[in-house]
Amino acid sequence: MVILLVCAIALILLSKIIVSRYPDAVDQLISDVFVDFFFELDAAMIGAAVTVLLINRSALKQTQANIELRHEIERRIAARQDRSGS
């Protein structure tokens, strides 16, 4: 995920460098296309990184809930076996 954020920052810097290099109108048009492309690409990368972070956080919570449920089920099974064995 850190790699995605670093790539996104690099693309932002690249888009700023492209803007400052071309003063001519045709070159400026081409520059604007590349700037828009890189800006959208880095916005997508940041969105992907945030999505991965949120999914990971949700998965960790679900894993913890599953472990707690498993322990509760094991406790109930053991209690039932103790009652039936007595």
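Quick note: numbers below take in every heavy atom, side chains included, and nothing from hydrogens, waters or symmetry partners. As the structure is a prediction and not an experimental result, all values here were calculated from the model. The residues of the chain are indexed from 1 along the displayed sequence.
- With rounding to the nearest 0.5 angstrom, the CD atom of Q64 is 11.5 Å from the CG atom of L69.
- In this structure, the side chain to side chain contact (heavy atoms under 4.5 Å, CB included) partners of E74, at least two apart in sequence or on a different chain, are R70, H71.
- In this structure, CD1 on I73 lies 12.0 Å from CD on E68, to the nearest 0.5 angstrom.
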For residues 46-61, run the donor-acceptor check on the side chains, cut-off 3.5 Å, and write out each pair with its distance to 0.1 Å, sequence neighbours left out.
from, atom 1, to, atom 2, distance (Å)
T51, OG1, G47, O, 2.8

